[in-house]
Amino acid sequence: MAIVVHLDVMMAKRKMSLNELSEKVAVTLSNLSILKNGKAKAIRFSTLMAICNALDCQPGDILEYVE
């Protein structure tokens, strides 16, 4: 069981770089990189809301539960 992060897919669909997303959501590049690479252990709802706002998407577009 795992949570798969599709942040890179949504960023590509919106043609947004990691640097640009980092500036929009006020999260460091290293923390976004950890999330994008699926190595994050947790994410704050406030961060998830900011990412969804910046990418104009829903949390389910970024996160997926896989058995």
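In this text the structure is predicted, and so the values were computed from the model without any measurement.
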Pair up each side-chain donor or acceptor in residues 24-31 with any protein partner under 3.5 Å, not counting sequence neighbours, and list the distances.
{"residue": "T28", "atom": "OG1", "partner": "S30", "partner atom": "OG", "Å": "3.3"}
{"residue": "T28", "atom": "OG1", "partner": "N31", "partner atom": "N", "Å": "3.2"}
{"residue": "T28", "atom": "OG1", "partner": "N31", "partner atom": "ND2", "Å": "3.2"}

Would you tabulate the side-chain donor-acceptor contacts of residues 33-54 under 3.5 Å, counting partners in other chains and residues two or more places apart, or write 'none'?
{"residue": "S33", "atom": "OG", "partner": "N37", "partner atom": "ND2", "Å": "3.3"}
{"residue": "N37", "atom": "ND2", "partner": "S33", "partner atom": "O", "Å": "3.0"}

Contacts table for residues 3-15: side-chain donor-acceptor under 3.5 angstrom, sequence neighbours left out:
{"residue": "H6", "atom": "NE2", "partner": "E64", "partner atom": "OE1", "Å": "2.7"}
{"residue": "R14", "atom": "NE", "partner": "L55", "partner atom": "O", "Å": "2.5"}
{"residue": "R14", "atom": "NH2", "partner": "L55", "partner atom": "O", "Å": "3.4"}
{"residue": "R14", "atom": "NH2", "partner": "D56", "partner atom": "O", "Å": "2.8"}

